[in-house]
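Bear in mind that the values here come from a model prediction, so they are computed numbers and not experimental data. Every chain is numbered from 1, with letters handed out A, B, ... down the list of sequences.
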Amino acid sequence: MLIRTSPPVEGHMSENEVTPLSRRQIMTLGAATFLGGASLAESVNAKSVTGTLIYAKPTAAFTNSESLTPLNMIKNYTNFYEFGTDKTDPAKYAEALTTRPWAVAVGGLCDKPKTYDIETLMKNALQERIYRLRCVEGWSMNIPWVGFPLSVLIKAASPTAKAKYVAFESINRPGEMRGQRSKVLQWPYREGLRLDEALNPVAFLAVGLYGNLLPNSEGAPIRLLVPWKYGFKSIKSIAKITFTEKQPPTAWNTYAPSEYGFYSNVNPTVDHPRWSQARERRINEFSKKPTLMFNGYGPQVAAMYRHMDLKVFF
Amino acid sequence: MKSYKPFRIDYFIVVAVMALPLIWLMAAFQNGDLGVNPLERLIRELGLWGLRGLILTLMITPLAKLGRWPLIQRWRRPIGLMSALYIGLHLMAYMGFELGFDMNELIKDLSKRPFILVGMVGFVLILPLVVTSFNAAIRWLRFQNWKRLQSLIYVIVVLGVLHHFMLIKADKSPALLYGAMIAILLGFRLYEKWQLHKGKSAHQL
């Protein structure tokens, strides 16, 4: 079982600091969610589930020594247009999303298509990764995620030789996601990676954050993290993963192709008409700081783009 | 003169009311109530209140005429000046918090991002209105010239709403609402001019 009632890994906040629920409540919730499957909604007046996770500490390659963005700031400053266009909307409205049961359908050009139950995916060996996340709007955070490499899921599906891209789709549930009732973007939210990008060790599927299950506002129950790309590439609440031959359409690229490229690698030398990409404001810090090429993940990812003009394929 | 003076109090009230959003902003900033990215929020709110103030300035004349309340005409100047103050603070906050008062960064921003250029042109156009906002200026420039100069506010408010519209990522509806208000207010002036013109022509006949 993934539930852990012992104190969190050293060096992290205590549970009481990172969640408004008491330890006893978490234990109750955990039991209800994972053991009995009983209705949780009544006990917390919300459909979201919480619980702590068991995971391995981050390896040296996937951590950094920068200070972590506090959980309340992460939750209250999120672009998740499915719940509204204001960055405080997800914290207010995301609790309406039912995250159990949850299925992730993996298919398309692969030998082993399969629809996974979220609980099955949670049985993968979980590890923590501290990743910088840089928003296209010029702000950034540093967040301890818990999950497993995307390559685990890709390899299990065994994509065919024809597969060149991986398309991702978020859940489409206008009844629970009030933002989907207005057509700000095309729903469901879509994202995509080239197959080699998806297989890169940095590409990660997160199911948790700060040692607990993902809050709904951050893309529960499972989301992508490609921290060398702008934040909107890291699609939330994933329902479908499809291997394709052609480059799949993506939400922001469809909305404004001249502003948001398919690749959208963090690149301080390619400017956006609204935001300078040369520098960024780290949330909870006063002064802006220079933005790093590939958000600092160049050593792991730059080789994938060595033959490409990144000003053209922005 | 005696009947005029007691109304002076209204100037102070108008300025005080116009200062309320600023007081709220400063207090909220101080208390950490401006959310997770307070500097960005501060810049945005100052600009928004400047735009709202400009729209309010343009609303006074139609309100005075339609409501047959000519006394409020004199509120235009304090409201307009207070709006200019918000816009000036908006620019200062942007230059300070976004650029660290680095003029090279400002030039880069102006050349790279059209919405910044539009906003800056709007700000530059406000300056002559501000410096000629006292009574003696009307005498020096003569009323007709002064009025012509002050009518730059129509250009400024259109640049202001355009500046706002261009920086919104996806949900443009609030900017469109401001745009519609400005269109109505400008329409009112055009309609009035047309009526006046029609009246004159009729008179000539």
For atom [atom1] of [X], is the number of surrounding heavy atoms from other residues, nucleotides or ligands below 6.0 Å larger than 12?
X	atom1	answer
A:Y255	OH	yes
B:K147	NZ	no
A:Q186	CD	no
B:F134	CZ	yes

Region of [X] that comes under 4.5 Å of a non-hydrogen atom in chain B:
X	value
A:S276	both
A:W275	both
A:F286	both
A:R274	both
A:N79	side chain

Check whether B:I116 gets within reach of chain A through its side chain, its backbone, both or neither, counting any heavy atom under 4.5 Å. neither
Are A:E137 and B:K169 close enough for a salt bridge, meaning some N to O gap below 4.0 Å? yes
Interatomic distance, NZ@A:K288 vs CD@B:E105, rounded to 0.5 Å, equals 9.0 Å
What's the separation between atom CG in B:N37 and atom CG in A:N76, rounded to the nearest 0.5 Å? 12.5 Å
Specify the closest pair of heavy atoms between B:A170 and A:W252, including all atoms of both residues, with the distance to one decimal. CB-CH2, 3.7 Å
Do you know the tightest heavy-atom contact between B:F115 and A:P273? CD2-O, 3.9 Å
Residue among B:K112, B:E98, B:M166 with most heavy-atom pairs under 4.5 Å to chain A: B:E98
